[in-house]
Amino acid sequence: MSDDIKSDASGAIRGKLIAKKQQWAKDGRLLTGNTGDKDRDRLPPGQRIVKDWPVLDLGVTPKIDLEKWRLRIDGAVQNRIIWDWEDFLSQPQTEIVSDIHCVTGWSRFDNRWVGVPAAHILSLVQPSPDATHCIFYSRDGYATNVQLDRFAAGNVLLAFKWNGDVLSAPHGGPVRVLMPDWYFWKSAKWLRRIEFSTEDKPGYWEIRGYHNDGDPWKEERYSDD
Ligand SMILES: Nc1nc2c(c(=O)[nH]1)N[C@H]1C(S)=C(S)[C@@H](COP(=O)(O)O)O[C@H]1N2
Ligand SMILES: [Mo]
């Protein structure tokens, strides 16, 4: 075999591999690899990898009785929802694996979540045409805001399981929001209400100097003013 033919052949193979990887990336795969280069591609600027899972909040872990748990979804929608725990568990569930990026600098790879997909919520409530934002309200007084199209992303869940176990109370159980593409402060723990809004309403950290969007790849950590 001449060198020309050999390099042609390996070029074709490389092309196939790239196409396959692009497909994997589109499918949300390649999330379990752990070789150095891949890790670096997955680590946003200014972040370091941790293996444990730090707890960060305002210092209060609300005590939640599942009998009394309710989730309210309202605001600029055609159909309001109030779910009790049984209602919540009877909704469609999906599993996703995603990375956590905290604005304080730690990232934790390969978290396996189970929850109710945001897409399902949207199909039920039917946001009004003028709804632009979702505001999440938590049981500890915390709130955070996201654009509606970001809530509609395919990897957004109301998560109640993590790595095979029920989501623990310190990490926001029974149910927290999961917004994997944004710094973790957008993932409200102890969710009690989602408000669809026709205007933006900056949340707890957003009014205290955090960036309004929080894209880890753009290092949108703190607002400039
Ligand atoms: N209800 C509530 N949700 C919250 C917070 C909080 O204080 N209260 N802190 C946010 C921040 S700043 C981070 S980094 C993550 C931390 O989640 P963890 O404790 O599960 O790591 O929760 C986010 N969601
Ligand atoms: Mo955070």
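Remember, it's a predicted structure, so these values are computed and weren't measured experimentally. We count ligands from 1, going down the list as the structure has it; atoms in each ligand are counted the same way. Starting from 1, each residue takes its place in the sequence as its number.
- With ligand atoms numbered from 1 in the order given, ligand 1 contributes 6 (C), 7 (O) to contacts under 4.0 Å with heavy atoms of Asp57.
- Under 4.0 angstrom from ligand 1, there are no non-hydrogen atoms of Phe136.
- Checked against a 3.5 angstrom limit, the closest N/O atoms of Ser138 and ligand 1 fall inside it.
- A ring-centre distance under 6.0 Å is not found for Trp69 and Trp83.
- Numbered from 1 in the order shown, with element, the atoms of ligand 1 that lie under 4.0 Å from a heavy atom of Leu58 read 7 (O).
- Ranking the protein heavy atoms by distance from atom 19 (O) of ligand 1 puts Lys189 NZ, 2.6 Å first.
- Using a 4.0 Å cut-off between a side-chain N of Lys or Arg and a carboxylate O of Asp or Glu, Asp213 and Lys186 do not qualify as a salt bridge.
- At a threshold of 4.0 Å, the pair Asp99-Arg108 does not count as salt-bridged, since none of the basic side-chain nitrogens sits closer than that to a carboxylate oxygen.
- Considering only non-hydrogen protein atoms, atom 12 (S) of ligand 1 sits nearest to Trp185 CB, 3.5 Å.
- The CD atom of Gln91 lies 6.0 Å from the CG atom of Leu124; values are rounded to the nearest 0.5 Å.
- Residue contact check: Cys102 has heavy atoms under 4.0 Å from atoms 14 (S) of ligand 1.
- For the atom pair CZ of Phe196 and CD1 of Ile121, the computed distance is 7.5 Å after rounding to the nearest 0.5 Å.
- Using a 4.5 Å cut-off between side-chain heavy atoms of Ile, Leu, Val, Met, Phe, Trp and Tyr, with links allowed through other members, Val156 and Val125 fall into the same hydrophobic cluster.
- In this structure, Arg208 is positioned above the aromatic face of Tyr204, its NZ or CZ under 6.0 Å from the six-membered ring centre and within 45° of the axis.
- Set against the non-hydrogen atoms of Trp106, the atoms of ligand 1 under 4.0 Å away are 21 (O).
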Under the side chain to side chain donor-acceptor pair (under 3.5 Å) criterion, do Trp205 and Thr144 qualify, and how do the steps go? CA-CA 7 Å; Trp205 284 123; Thr144 189; over 6 Å; no
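- Ion pair Glu195/Lys201 flagged as a salt bridge, since at least one NZ, NE, NH1 or NH2 atom sits closer than 4.0 Å to an Asp/Glu carboxylate oxygen.
- Closest protein heavy atom to atom 24 (N) of ligand 1: Ser187 O, 3.1 Å.
- The ligand atoms of ligand 1 that sit less than 4.0 angstrom from a heavy atom of Trp205 are 12 (S).
- Within the set Met179, Arg139, Arg176, Lys186, the minimum heavy-atom distance to atom 17 (O) of ligand 1 is found for Arg176.
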For a side chain to side chain donor-acceptor pair (under 3.5 Å) check, start with the C-alpha distance between Asp215 and Trp182, then their side-chain angles and the critical distance, and finish with the verdict. CA-CA 5 Å; Asp215 181 346; Trp182 306 92; over 6 Å; no
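- The distance from ligand 1 to the heavy atoms of Pro54 drops below 4.0 Å at these ligand atoms: 18 (P), 19 (O), 21 (O).
- Seen from the ring of Phe136, Arg193 does not count as a face-on cation partner, given the 6.0 Å and 45° thresholds.
- Residues Arg150 and Asp181 are not paired through a salt bridge, judged by the lack of any N-O separation under 4.0 Å between the basic side chain and the carboxylate.
- Counting only heavy atoms of the protein, atom 18 (P) of ligand 1 lies nearest to His171 ND1, 3.5 Å.
- Here is the list of ligand 1 atoms found below 4.0 Å of a heavy atom in Val55: 19 (O).
- Within the listing of ligand 1, atoms 18 (P), 20 (O), 21 (O) sit less than 4.0 angstrom from a heavy atom of Trp53.
- Atom 16 (C) of ligand 1 has as its closest protein heavy atom Leu56 O, 3.3 Å.
- The closest approach between a heavy atom of Tyr204 and any atom of ligand 1 is not below 4.0 Å.
- Ranking protein heavy atoms by distance to atom 8 (N) of ligand 1, first place goes to Asp140 OD2, 2.7 Å.
- Scanning all protein heavy atoms for the shortest distance to atom 23 (C) of ligand 1 gives Phe184 O, 3.4 Å.
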